Amino acid sequence: MQSRLLENLNPEQLAAVTLPRESAMILAGAGSGKTRVLTTRIAWLIETRQVNPLGLLAVTFTNKAAREMLTRISAMLPINTRGMWVGTFHGLANRLLRAHYRDAGLPQTFQIMDTADQVALVKRMLKANGVNEEQFKPRDTAWFISAQKDAGLRPSAVEAFDDHSRQLVDIYRMYDAQCQREGVTDFAELILRSYELLAKNEPIREHYRARFAHILVDEFQDTNRLQFDWLKLIAGPSNAVMAVGDDDQSVYSFRGAKVANMRDFEREFNAHTIIKLEQNYRSQGNILEAANVLIGHNRQRLGKNLWTSEAQGEPIRLFEAQSDFEEAQFVVEEVRELRATGVPLTEVALLYRSNAQSRVLEHALFSAGLPYRVYGGLRFFERQEVKHALAYLRMVANPEDDAALLRVINFPTRGIGARSIEQLQDSARASGASLWQAACSRGGSKASAPDTPKKGIEGFVLLIERLRAECTGVALHEMIEAVIERSGLRAHYEAEREGADRLANLDELVSAAAQFADDPMRALELEADPAFRAAESGREQARPQGREQEQGQAQGQDPAPASATQPLAPPVDGAPGTAADAAETPADQMLIQFLAHASLEAGDNQANAGDDALQLMTVHSAKGLEFHTVFASGLEEGLFPHENSLDDAGGVEEERRLMYVAVTRARRRLYLTFAQSRMLHGQTRYNVASRFLREIPVKLLKRLSPTYDRGGGSTTFAQPAGASWRAGAQAPVSVRPAPKQEMAGMPWRIGQSVRHAKFGTGVIIDAEGRGTEARVQVNFGREGVKWLALAYAKLDAA
DNA sequence: CTAGCTGCTGTTTTT
DNA sequence: CAGCAGCTAG
């Protein structure tokens with residue numbers, strides 16, 4: 001039977017979709033239809049009955065990509081995608097750990113910290129242990145810990161060669177122990193812990209290996225070492241892994257991604273088939289050629305050349321501005337024109353290297369009355385009022401959660417100061433108990449006279465106990481309502497002048513919870529999955545089907561001799577009666593799931609689609625998207641490529657890949673803009689044009705001049721021998737005007753571009769002295785910043 | 001305990 | 001510039 005699914009695929013796509021059951025690498029260039037191949041492959045496997053929907057595992061990096069995949073599969077096949085293992089690495093790891101929490105050495109209610117929680121926890125520990133915070137900054141330390149986990153290394157496996165790193169490892173060890181005590185995990189822990197679960201538990205491992213005959217991985221170039229090993233472990237010797245990726249779009253090495261995984265894949269997964277998808281369906285010829293030439297400057301590549309059947313299209317527009325302000329102004333003008341010609345603003349993206357650059361652009365757009373939307377920034381579940389409400393919920397789910405307790409013990413304020421909290425922490429540490437336990441023994445929760453509104457710790461303990469009682473057996477959104485009311489959060493924000501938005505977000509949280517509970521896809525995800533019962537009963541024979549039956553065991557100690565089989569997962573030390581491990585009812589389950597959801601999916605930061613608004617975002621966040629028109633702004637040395645990336649090996653190549661991503665986002669029109677001067681950290685900086693501009697062939701470019709030229713000088717950048725792009729384009733700009741500045745004897749102005757025989761083109765960033773004493777400081781970009789005495793150095797206007 | 005001040009430090013980001 | 005952390009004054 002020839003499936004309709006296979007219609008309109010090009011030969012390479014078809015080959016990829018219909019590969020036999022074996023591991024393969026699909027090198028998928030930008031715009032080559034990679035998601036289509038992935039989803040069609042899945043649909044084809046199911047339709048031809050080579051696998052049933054529950055027998056495959058598809059992994060992505062973002063929730064968005066996972067959702068997209070499910071949506072497209074549903075559109076292709078009349079199947080229920082419920083229960084399918086399509087998700088992010090973290091989401092799937094979470095799923096594994098929830099199903100086998102005991103074997104993984106976790107409490108059933110274990111919580112997932114986001115990065116902010118993690119940093120806070122590290123900070124708390126550093127403080128508690130009197131570690132010098134100058135030397136060990138919480139952020140860096142948390143970063144270090146995550147990096148070790150991403151590499152698959154527990155403290156005992158980390159090699160430390162000096163005092164500093166030995167201390168870091170000690171902190172890492174304490175951190176893990178603390179997480180275990182509190183019943184919390186961080187993101188990397190989800191994957192590492194699930195890796196260890198499979199590694200040391202053969203029945204479970206074999207269960208999943210037998211189940212997932214086909215494993216598909218999206219954005220493989222973004223995998224880190226641990227994710228690579230995780231896949232390898234689940235795949236085992238006989239399952240087929242289809243890895244789809246593009247080494248040229250690897251832009252996340254700063255968070256552990258290893259492009260080398262693409263090379264290693266072939267060997268370690270025994271993959272003999274490599275298919276390259278090189279036909280680009282997105283961009284017109286000039287844009288694609290620019291991208292190809294640009295990325296051709298990288299040495300570390302698997303090698304790939306995109307082509308298109310499209311026409312050349314428009315030239316790439318290049319604009320040089322005097323300042324970031326002028327650059328923004330230019331964008332405004334062009335966007336107005338585009339809009340007038342009927343291009344929807346949602347189809348126009350304004351990209352930049354770093355978030356700080358959005359400010360000027362926003363300002364100009366705002367003044368011009370152009371609607372725009374900025375991606376990035378705080379997401380819904382990261383807002384403080386939402387995090388506070390969630391912290392109360394976490395206390396309901398598991399009061400051992402010190403982080404949650406600390407967050408809300410005095411918010412809204414109830415007269416518990418730093419000193420009482422310190423005492424609490426001291427007594428908790430002394431007895432090796434949680435803060436909650438310490439608070440309980442101090443507050444004397446039992447002997448409380450009812451209805452006496454208590455302040456202080458006692459009041460807090462009463463509040464939480466009351467909340468826990470009230471939340472028993474009620475619907476999720478009712479729990480949240482109770483929390484918001486009883487905790488005093490609502491009253492607090494009602495009293496606050498600027499509290500309206502926050503109140504609205506709290507209400508939004510309630511509806512989010514109601515929606516979450518209503519979503520059968522999510523709510524029934526686990527129950528619908530026969531694997532859980534199967535895998536669970538593999539371990540504990542003859543257990544009845546219902547998952548509600550578990551509370552008997554749940555109360556008890558973890559039967560696993562943790563020290564022997566789980567050296568890295570210290571036993572949950574019981575704390576009987578604290579109900580840390582007693583998510584018994586469906587409502588409790590729902591709460592746990594909702595909290596995990598909140599951590600794993602912090603919410604969209606791309607607002608309401610539909611509005612006709614310009615799209616502003618970093619190049620990183622633009623990855624995977626496409627637009628009719630793209631403005632890539634701030635193309636200056638030091639900014640893009642970013643100066644901080646220049647020292648580390650491969651840094652420039654990664655920046656170039658980022659530039660490649662920016663260029664390949666555009667379908668029809670691409671603007672490249674840069675500014676000679678730019679406000680950065682409150683100071684004006686003078687930059688030279690990005691090397692990446694020089695790498696794009698002149699013939700593809702069209703230089704635009706400011707229509708509102710204020711008569712200032714103009715700069716250029718060195719184009720290797722032959723014509724500079726300027727020559728080909730407009731009439732040459734007049735040689736710079738005579739110096740009209742205050743100080744006689746200093747022929748140069750700050751901000752002017754000059755050329756030096758040896759150092760090339762640069763921008764004057766400072767000047768001093770006059771006559772024979774006169775010196776200028778010039779930023780030559782790659783060649784560095786130099787002071788030059790005018791009496792000796794020959795400088796020309798550039 | 002909070003408000004307000006000073007001083008420091010600034011890539012990229014998902015989970 | 002601007003957001004945050006940490007400190008001091010009330």
Side-chain angles (χ1 to χ4, degrees), chain A residues 59-66 87-94 112-120 123 127 133-134 137-140 143 146 149-150 185-192 218-219 222-224 226-227 250-257 324 351-360 363 375-379 381-382 384 410-421 455-456 596-605 617-624 634 638-648 651 654-655 657-659 661-662 678-685:
Chain A
V59 196
T60 63
F61 273 87
T62 64
N63 292 302
K64 199 174 145 209
T88 63
F89 276 101
H90 300 270
L92 297 172
N94 176 53
I112 305 159
M113 294 182 288
D114 65 16
T115 313
D117 297 334
Q118 190 193 9
V119 171
K123 188 172 182 180
K127 265 224 180 78
E133 277 205 41
E134 299 283 283
K137 298 192 181 117
R139 234 181 101 220
D140 299 349
W143 182 268
S146 293
K149 293 189 182 184
D150 284 344
T185 65
D186 55 52
F187 289 126
E189 182 72 25
L190 290 174
I191 302 182
L192 182 49
D218 193 16
E219 305 275 17
D222 288 338
T223 53
N224 61 36
L226 177 59
Q227 289 159 339
S250 163
V251 292
Y252 284 113
S253 72
F254 69 91
R255 66 176 199 218
D324 48 351
L351 309 184
Y352 34 80
R353 173 65 234 265
S354 61
N355 282 309
Q357 288 166 249
S358 74
R359 210 166 203 90
V360 218
H363 184 78
Y375 289 64
L378 264 200
R379 320 232 282 299
F381 287 111
E382 292 168 353
Q384 64 139 316
N410 196 37
F411 191 95
T413 52
R414 46 180 73 87
I416 302 173
R419 132 197 122 265
S420 344
I421 292 176
K455 283 253 149 191
H597 166 78
S599 305
L600 291 174
E601 195 161 354
D604 278 351
N605 42 11
M617 67 190 86
T618 62
V619 182
H620 279 94
S621 9
K623 197 173 140 208
L639 205 64
F640 199 173
H642 198 279
E643 52 200 351
N644 295 358
S645 72
L646 298 182
D647 349 309
D648 40 71
E654 175 139 332
E655 295 285 306
R657 291 194 290 269
L658 198 52
M659 180 71 186
V661 168
R678 177 176 299 277
M679 270 303 243
L680 199 65
H681 304 325
Q683 282 191 318
T684 306
R685 290 208 349 183

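Worth saying up front: this structure is predicted, and the values here are computed from it rather than measured. Sequence lines set the chain letters: A, B, ... in the order given, protein chains first and strands last, and positions in each chain run from 1.
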Nearest-angstrom distance from the residue atom CG of A/D140 to P of B/dG10: 8 Å
Among B/dT11, B/dT15, C/dG3, the one nearest A/T88 by side-chain distance: B/dT15
Residue-phosphate contact under 4.0 Å: A/R359 side-chain N/O, C/dA2 OP1/OP2: yes
Side-chain donor-acceptor contact under 3.5 Å, A/S354 with A/Q357: yes
Syn or anti for B/dT12 (syn when the glycosidic angle lies within 90° of 0): anti
Pairwise distance OG(A/S146) to CD(A/Q118) - rounded to 0.5 angstrom: 3.5 Å
Which nucleotide in B/dT2, B/dT12, B/dT15 has an atom nearest any side-chain atom of A/H620: B/dT12
Under-4.0 Å side-chain N/O to phosphate OP1/OP2 contact, A/N355 with B/dT11: no
Closest to side chain of A/T618, choosing from B/dT11, B/dT14, B/dT13: B/dT13
Whole-Å distance separating the CD atom of A/E643 from the P atom of B/dT9: 16 Å
Side chain of A/T413 - closest among B/dT12, B/dC1, B/dT13: B/dC1
Touch class at under 4.0 angstrom, heavy-atom based, for A/F254 against every strand present: base
Sugar-phosphate only, base, or nothing, as touched by A/L646 at under 4.0 Å among non-hydrogen atoms: nothing
Sugar-phosphate only, base, or nothing, as touched by A/N63 at under 4.0 Å among non-hydrogen atoms: sugar-phosphate
Spacing between A/W143 atom CH2 and B/dT13 atom P, to the nearest angstrom: 11 Å
Dot-bracket summary - DNA chain B, pairs being Watson-Crick or G-U whose distances fall under 3.5 Å, with | when paired to another strand: ||||||||||.....
Sole residue of A/F187, A/Y252, A/F89 in ring-ring contact (aromatic ring centres under 6.0 Å, His included) with A/F61: A/F89
Side chain of A/E655 - closest among B/dT11, C/dG3, C/dG6: B/dT11
Nearest-Å distance for atom pair OH/P, residues A/Y252 and B/dT15: 9 Å
Nucleotide of B/dT13, C/dA2, B/dT12 approaching A/R353 most closely (side-chain heavy atoms): B/dT12
Side chain of A/S354 - closest among B/dT15, B/dC1, B/dT12: B/dT12
Stepwise side chain to side chain contact (heavy atoms under 4.5 Å, CB included) test for A/I416 and A/I421: CA-CA 7 Å; A/I416 302 173; A/I421 292 176; 3.8 Å; yes
Sugar-phosphate, base or nothing in reach of A/D114, heavy atoms under 4.0 Å: nothing
Residue mapping more 5' on DNA chain B - nearest nucleotide basis, A/E654 or A/T62: A/E654
Touch class at under 4.0 angstrom, heavy-atom based, for A/T115 against every strand present: base
Side chain of A/K123 (C-beta onward), nearest among B/dT14, C/dA5, B/dT2: C/dA5
Donor-acceptor side-chain pairing of A/E654 and A/S250 below 3.5 angstrom: no
A/R414 vs B/dC1: side-chain N/O to OP1/OP2 distance below 4.0 Å: no
Spacing of A/R678 atom CZ relative to B/dT11 atom P, expressed in whole Å: 15 Å
Close aromatic pair by centroid cut-off 6.0 Å: A/H620 and A/F254: yes
DNA chain B: 5'-proximal contact among A/A188 and A/S420 (nearest heavy atom): A/S420
Nearest-nucleotide pick for A/F187, side chain only, options being B/dT2, B/dT15, B/dT13: B/dT15
Residue A/R255, side-chain heavy atoms: nucleotide from B/dC1, B/dT15, B/dT13 that is nearest: B/dT13
